[in-house]
Amino acid sequence: VYKWYIFVVGQYMGKKLIEICMKLESRICIKAIRGGLVMIIPIIMVGSFSLLLKEMPITAYYNFITGFGNGVLYYFFSTVNDATFGAVSIYICFSIGYCISREYGGNGRISVIPSLTALCTFFTATGFLSGKYDTVPLGTCGMFIAIICALYSSLAYLKLKDRIGRRMRISEGTDAQ
């Protein structure tokens, strides 16, 4: 009897869990976060391979990349790694803002404007406008802030644009009569 009860409860909980997941997946914010993270996979792959080639634990290989051309290969891999993982929050913020705009029906150049708004909000939230700016929030440490800034600022921009657009259409229609 106990095993049958566990089986029935498990099936019921499984169905409820799937329903909850389907409801969450249909939300625009979740779609935008998923789409934004998928968009930056190539950047993360480039950074991962450069980190792998930079820090490979083979002594002969390490001596080669640090000695060849006065360490030009090591410097190159370090630069690529810093450009990818050192600025991953910027990429995430921009891509999530872009995906939110696409979910709301934006296309082309119009989709970039909410992304730029998200970037401005992110730079403001991380202290870019202050005199002493630290680059740590641009890396993986600032990913959560980047996601929040991208969601709220892009949605606020799109809602404001929609509200202003409706007012302009109403006023244009009343002037024409």
Side-chain angles (χ1 to χ4, degrees), residues 16-52 54-55 76-176:
K16 290 296 179 185
L17 188 63
I18 288 174
E19 288 176 15
I20 291 170
C21 289
M22 295 301 283
K23 286 180 184 177
L24 280 176
E25 190 174 326
S26 67
R27 303 283 180 183
I28 288 178
C29 294
I30 301 296
K31 284 182 183 179
I33 292 172
R34 183 183 64 217
L37 292 175
V38 167
M39 283 177 75
I40 67 163
I41 285 176
I43 296 170
I44 292 174
M45 293 297 292
V46 168
S48 298
F49 281 120
S50 69
L51 181 64
L52 179 69
K54 174 186 155 193
E55 300 292 337
F76 174 74
F77 293 140
S78 295
T79 304
V80 171
N81 184 33
D82 291 341
T84 54
F85 288 125
V88 74
S89 292
I90 295 173
Y91 304 136
I92 285 176
C93 189
F94 189 85
S95 64
I96 290 175
Y98 185 78
C99 287
I100 286 176
S101 178
R102 298 291 286 200
E103 287 293 324
Y104 270 94
N107 54 8
R109 288 176 282 182
I110 297 171
S111 296
V112 175
I113 296 171
S115 301
L116 295 175
T117 305
L119 280 178
C120 291
T121 305
F122 173 69
F123 286 133
T124 304
T126 55
F128 185 71
L129 299 176
S130 68
K132 301 175 280 183
Y133 185 68
D134 190 17
T135 59
V136 171
L138 300 180
T140 55
C141 294
M143 285 175 53
F144 184 72
I145 298 169
I147 290 170
I148 297 298
C149 288
L151 289 175
Y152 284 117
S153 63
S154 298
L155 286 173
Y157 174 81
L158 290 168
K159 296 287 184 183
L160 186 64
K161 184 185 123 210
D162 186 42
R163 178 175 277 182
I164 290 172
R166 263 194 262 137
R167 284 188 183 165
M168 290 178 73
R169 284 191 299 261
I170 291 171
S171 66
E172 288 172 1
T174 56
D175 290 342

Atom pair [atom1]/[atom2] of [X] and [Y] - distance to nearest 0.5 Å:
X	Y	atom1	atom2	result
Ile147	Leu37	CD1	CG	6.0 Å
Ile145	Thr121	CD1	OG1	12.5 Å
Ile33	Ile92	CD1	CD1	10.0 Å
Ile100	Ile28	CD1	CD1	8.5 Å

message: Going by side chain to side chain donor-acceptor pair (under 3.5 Å), name the residues that satisfy it together with Thr126, two or more places apart in sequence or in a different chain.
response: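 Partners of Thr126 by the side chain to side chain donor-acceptor pair (under 3.5 Å) criterion, ordered by chain and then number, come out as Tyr133.
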
field: Check: Ser50 side chain, Gly47 main-chain N or O, donor-acceptor pair, under 3.5 Å
entry: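 Answer holds: yes.
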
Residues, nucleotides or ligands: over 12 heavy atoms within 6.0 Å of Phe123 CZ: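 Yes, enclosed.
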
For [X] against [Y], the heavy-atom pair lying closest together:
X	Y	value
Gly35	Cys99	C-SG, 3.5 Å
Tyr157	Thr117	CD1-OG1, 4.0 Å
Ile40	Ser95	CG2-OG, 3.7 Å
Pro137	Phe122	O-CZ, 3.4 Å

Could you check whether any side-chain heavy atom of [X] comes within less than 4.5 Å of a side-chain heavy atom of [Y], counting everything from C-beta outward?
X	Y	answer
Ser89	Phe144	no
Thr84	Val88	no
Phe85	Ile44	yes
Leu116	Phe94	yes
Cys149	Thr124	no

- request: Check ring-ring contact (aromatic ring centres under 6.0 Å, His included) between Tyr91 and all other residues, then give those that pass, not counting sequence neighbours.
  value: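 In terms of ring-ring contact (aromatic ring centres under 6.0 Å, His included), with neighbours along the sequence ignored, Tyr91 is linked to no residue.
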
query: With sequence neighbours left out, what residues match Ala118 under side-chain contact (heavy atoms from CB on, under 4.5 Å)?
result: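 Cys93, Ala150, Ser153, Ser154.
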
